[in-house]
Q: 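First the structure, which I've put down as structure tokens, then a few questions once you've had a look.
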Number of protein chains: 2
Amino acid sequence: MPPKPSRKPRSDALYNRRRILDAARSVFAEKGIEVSMTEIAQRAGVGIATLYRHFPAKEELLAETFSGQLEICVSALHAALDDPDPWRGFCGFIEKLCTLQVQDRGFNAVFREAFSGGDLFEKERIRAENAFAELARRAKAAGGLRPDFVRDDLTLVIMANSGITADSQEDALAAARRLSSYFIQAFSDAPELGPLPPAPRLGPHPALRGIGWKGSSVSVG
Amino acid sequence: MPPKPSRKPRSDALYNRRRILDAARSVFAEKGIEVSMTEIAQRAGVGIATLYRHFPAKEELLAETFSGQLEICVSALHAALDDPDPWRGFCGFIEKLCTLQVQDRGFNAVFREAFSGGDLFEKERIRAENAFAELARRAKAAGGLRPDFVRDDLTLVIMANSGITADSQEDALAAARRLSSYFIQAFSDAPELGPLPPAPRLGPHPALRGIGWKGSSVSVG
DNA sequence: AGAGAAACGGAGGGGAGACTCTGGTTGGCC
DNA sequence: GGCCAACCAGAGTCTCCCCTCCGTTTCTCT
């Protein structure tokens, strides 16, 4: 189809689009990608039809919302590649990845999905995987990373980290830090007993839930 | 309420109850706890009302279905405590735990929920946590387990392992084995570069999905 | 074998969420 | 300033899922 020279979009449309994306980012980050489109529209202060005019399906809203986060991830990877010490860059990237992932429930889900078979960001994922493979190669050559580390271990880290949840940001962050620290020590080819970050408070937290059935306890009615 | 001396249940009722539990176990294991009650009833070969007669709420069906799995877990913990080498028992338990969890998607979700704040198996969870703390104490005292390992690190392992998925049982099992091996090496107080289990094939697997929106790709209709 | 209660099965109530249809409203170009 | 298309908003549809009501079947006890 030829590029229809449609007039440039109206200013209110651009304004609403921005508001929708901001609302979606914050709501997805806080509650995950299962929140309803209605809730996002309310948070953005627009009608549900306006939301669907800009993003005809939820998946497109997700893609648009998290492409920025993905860019942050990719630039963290490039920063790691620019580090003169590849092993230090590798460790920093693992930590940054875990941190980014745990601070945004929506990004966590989308990112995990992308690395476990989804096709949402397939092109970007493959580019990032290749860059990471290069980082791992250098870290093995320069020393620090164990030689039997493989590319799929990155997926393992992402999947494992995606399981981390807590009812407060601080707890989740502490858990992600501790997990990444354990991973890094396990990935090291000369493991010494380095100090771990403080232990996270993970459970029990009676206020979480999240499976979604009706009754809240086992009381038989 | 006094124990009403109701007559013993009918044979067909017991038969159906057994069929329902078998079907629930297999369907939950295969597809997770989000499957509909209708699907479980069909798999069991009973009507939906029969299912609800035996288990008035989905939560009760889950509890009944997975109490057996939990028992397996607890007995694995006791076996670990009976091992004359506490560190070996500890490592075996971590591996067994990861294996059990990844082989059953339903158990994975329920177990993860129990350890991250749910109250479904709260009593059993607390008992198991205390037993595990004793195992960890012995493993520290006898040598093997690093001294800064804490009880909540068990929750960390469970949460991390709950993130593992793959589209085949073998891949998931391989991933869980590799993850638990990494964990054990990170938990060791005298880490030596032991061999890892073979690397898992985790992604990309185009057939997974699991988020649950309508459109399957980004094609604008 | 026959009565009666327990169990069975499917239709449907109630709610939630993704997505559209129909008017009213407003910004951009002449 | 005026026209008109683009835009906005809420009510409505369609589907799915948890759970219940009621007529029918089947087991059990005598």
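Just so we're on the same page: letters track the sequence lines, and every chain starts at 1. Everything numeric here is computed off the predicted structure, so don't read it as measured data.
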Q: I'd like to check the ring pair (Phe, Tyr, Trp, His ring centres under 6.0 Å) partners of B:F111; sequence neighbours left out, ordered by chain and number.
A: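 Applying ring pair (Phe, Tyr, Trp, His ring centres under 6.0 Å) to B:F111 gives B:F107, B:F115.
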
Q: Between the side chains of A:E34 and A:R105, is the shortest nitrogen-to-carboxylate-oxygen separation below 4.0 Å, so that they form an ion pair?
A: no

Q: Suppose we screen for ring pair (Phe, Tyr, Trp, His ring centres under 6.0 Å). Which residues come up paired with A:F28, at least two apart in sequence or across chains?
A: A:F66

Q: Go through the structure and list residues passing side chain to side chain donor-acceptor pair (under 3.5 Å) with B:D22, not counting sequence neighbours.
A: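 Side chain to side chain donor-acceptor pair (under 3.5 Å) check on B:D22 returns nothing, list empty.
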
Q: Identify, with sequence neighbours excluded, every residue that meets side chain to side chain contact (heavy atoms under 4.5 Å, CB included) alongside A:D12.
A: A:R10

Q: Expressed as a whole number of angstroms, how long is the span from B:E60:CD to D:dC18:P?
A: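 After rounding, the gap between these two atoms is 15 Å.
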
Q: Find the distance B:Q42:CD to C:dG9:P and express it as a whole number of Å.
A: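 About 12 Å, once rounded to whole Å.
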
Q: To the nearest angstrom, how far is B:I33 atom CD1 from D:dC17 atom P?
A: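 Whole-Å distance recorded here is 14 Å.
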
Q: Once you round it to whole Å, what is the distance between C1' of D:dC18 and CG of B:L61?
A: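 Atom-to-atom, B:L61 to D:dC18, this comes out as 13 Å.
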
Q: Pick out the pairs of N or O atoms, protein on one side and nucleotides 7-11 of chain D on the other, that lie under 3.5 Å.
A:
unit_1 : atom_1 : unit_2 : atom_2 : d
D:dC8  : OP1    : A:N16  : ND2    : 2.5
D:dC8  : N4     : A:R53  : NH2    : 3.3
D:dA9  : OP2    : A:G47  : N      : 2.7
D:dA9  : OP2    : A:T50  : OG1    : 2.9

Q: Measure from CZ on A:F55 to C1' on C:dA18 and round the result to the nearest Å.
A: 16 Å

Q: To the side chain of B:S36, which of C:dG17, D:dC19, D:dC17 is closest?
A: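 Taking heavy atoms from C-beta onward, the closest nucleotide is D:dC17.
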
Q: Can you measure B:E34 atom CD to C:dG17 atom P for me and round it to whole angstrom units?
A: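 One finds 14 Å between P of C:dG17 and CD of B:E34, rounded.
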
Q: Between A:Y15 (OH) and C:dT26 (P), how many Å, whole number?
A: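 After rounding, the gap between these two atoms is 15 Å.
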
Q: How many whole angstroms separate atom CE of A:M37 from atom P of D:dG12?
A: 21 Å

Q: What side-chain hydrogen bond (donor to acceptor under 3.5 Å, both in side chains) pairs are there with at least one residue in residues 69-78 of chain A, not counting sequence neighbours?
A: A:Q69-A:D104

